[in-house]
Amino acid sequence: MHSLYQRIVSLEQKNGYERIGQEETKERLGTIEERLTSMPDGLARRFCHGRYVWRISQLTSKLRQHQEQPSSSGHRPRPLVLYSPAFYTAPTLGYKVCLRCHFHHSEEAGEEKHLGLFLHLMPGEDDDMLEWPFSGQITLKLKSRLGSHLDLVEVMNTPPNGLSAFEKPLIQTPRNPMGFGHQEFIKVRDLCSARFWDPHNDTIAIVVHVQENT
């Protein structure tokens, strides 16, 4: 009986320690999350581990203004191009990258306007210590406002033979001129539907995750 009592006390102490440990872990995670939230945007993008949310605001306003621009020689306006802020795949020894949105007309799709989405490598602080060309997996996700099961997701692996898009960027250039992605990621009329477009803020959200091969 005494032995059983000791075992019960021991288990209660063990459970108590585990609860304390869980509470301390939860508190530490809360502190880390709070620090990340309060970080300056540039610092947060350095510590995002290749996962970045790009919110494009005033979307229809930008498209409308671009459409109204005068064209030369009767041709339609040049594609509207937007670049995201830069972010890193790792806090140290990370690749510096950004996204490019490319709104353009597709002749193969009956002149319908599409959104192209591409990843570009940029000159970074750690380039001299990184492996080139870059090799890894890139996940592009257009977030749905109606639930994650309706997200539009494209997962791409870097080709084994390499592309100029993944070569070491030149220091004197803002980014590699060649990007890697999807030329017709989504039709603009589908992009501006209730599934993806927030009419209140005139905003869409694109999530990218860049993972380098180890």
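For the pair P169 and N176, the tightest heavy-atom approach, listed with the atom from each and the gap, is CA-OD1, 3.2 Å. Residues F196 and I186 share a closest heavy-atom pair of CE1-CD1, 3.6 Å. The heavy-atom pair separating L130 from L93 by the smallest distance is CD2-O, 3.3 Å. Scanning both residues, C101 and W54, for their nearest heavy atoms gives SG-CZ3, 3.5 Å. Contact between P174 and P123 at its shortest, heavy atoms only, is O-CD, 3.4 Å. Taking both residues in full, the closest heavy atoms of M156 and E154 are given as CG-CG, 3.9 Å, listed atom of the first, atom of the second, then distance.
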Exercise. Please step through side-chain contact (heavy atoms from CB on, under 4.5 Å) for the pair F87 and V208, ending with a clear verdict.
Key: CA-CA 10 Å; F87 59 98; V208 57; 3.4 Å; yes
Practice problem: Evaluate the side-chain contact (heavy atoms from CB on, under 4.5 Å) criterion for residues K143 and R195: first the C-alpha distance (whole Å), next the side-chain angles of each, then the deciding distance (0.1 Å), finally the verdict. | Solution: CA-CA 9 Å; K143 287 297 296 177; R195 178 179 170 187; over 6 Å; no
Quiz prompt | Worked verdict on D126 versus K96 for salt bridge (Lys or Arg N to Asp or Glu O under 4.0 Å) | solution = CA-CA 9 Å; D126 305 321; K96 187 178 181 180; over 6 Å; no
Quiz item: Which is it for F185 and H102 under the side-chain contact (heavy atoms from CB on, under 4.5 Å) test, yes or no, and what are the steps along the way?
Solution: CA-CA 10 Å; F185 190 77; H102 188 98; over 6 Å; no
Quiz item: Could you go step by step and tell me if H66 and F103 meet the side-chain contact (heavy atoms from CB on, under 4.5 Å) rule?
Solution: CA-CA 10 Å; H66 178 259; F103 296 91; over 6 Å; no
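In the hydrophobic cluster analysis, where Ile, Leu, Val, Met, Phe, Trp and Tyr join through side-chain heavy atoms closer than 4.5 angstrom, M122 is grouped apart from F47. A chain of hydrophobic side-chain contacts below 4.5 Å, direct or via other Ile, Leu, Val, Met, Phe, Trp or Tyr residues, connects L163 to F134. Residue L121 is grouped with residue M129 when hydrophobic side chains (ILVMFWY) are merged at heavy-atom distances under 4.5 angstrom, including chains of intermediate members.
A salt bridge does not link E131 to K168: none of the charged side-chain nitrogens sits closer than 4.0 Å to a carboxylate oxygen.
Judged by the 6.0 Å and 45° rule, R175 forms a cation-pi pair with Y83.
Annotation for M178: atom CE does not count as buried by contact number, only 12 or fewer foreign heavy atoms lying within 6.0 Å. Counting heavy atoms of neighbouring residues, nucleotides and ligands inside a 6.0 Å radius, atom CD of Q137 exceeds 12 of them. Within 6.0 Å of CD in E167 there are more than 12 heavy atoms belonging to other residues, nucleotides or ligands.
Looking only at atom types and distance, the side chain of S135 has a donor-acceptor partner in the side chain of N213 under 3.5 Å away. Between the side chains of D202 and W197, at least one donor N or O sits under 3.5 Å from an acceptor N or O.
Summarising the geometry, atom OG1 belonging to T92 is positioned 11.0 Å from atom CD belonging to E125; distances are rounded to the nearest 0.5 Å. To the nearest 0.5 Å, the span separating CG on L191 from CD1 on I56 amounts to 8.0 Å. Atom CZ in R64 sits 6.0 Å away from atom OG in S61 (nearest 0.5 Å). Separating the CD1 atom in I138 from the CG atom in N157 is a distance of 8.5 Å, to the nearest 0.5 Å. One distance of note links NE2 of H104 with CG of L115; it measures 7.5 Å at 0.5 Å rounding.
Within the 4.5 Å cutoff, side-chain heavy atoms of R145 are placed close to those of P199. No side-chain heavy atom of D127 sits less than 4.5 Å from a side-chain heavy atom of Y95. Between Y88 and Y52 the shortest side-chain heavy-atom distance does not fall below 4.5 Å. Annotation: side chain of K62 is in contact with side chain of L82 (closest heavy-atom distance under 4.5 Å). Here the side chains of I206 and L99 are in contact, with some heavy-atom distance below 4.5 Å. Looking at L59 and C192, their side chains come closer than 4.5 Å, going by heavy atoms from C-beta outward.
Formation of a donor-acceptor pair under 3.5 Å by the D151 side chain with backbone atoms of V153 is not found in this model. Between the side chain of H182 and the backbone N or O of L117 there is no donor-acceptor pair closer than 3.5 Å. Judged by distance alone, the side chain of H49 and the main-chain N or O of H209 form no donor-acceptor pair under 3.5 Å. The closest donor-acceptor contact from the side chain of R45 to the backbone of A86 lies under 3.5 Å. The closest donor-acceptor contact from the side chain of S57 to the backbone of T203 lies at 3.5 Å or more, if one exists at all. Judged by distance alone, the side chain of S193 and the main-chain N or O of D190 form a donor-acceptor pair under 3.5 Å. Of the possible donor and acceptor atoms, one in the side chain of H114 sits under 3.5 Å from a partner among the backbone N and O of E112.
Between F180 and F166, the gap from one ring centroid to the other is short of 6.0 Å.
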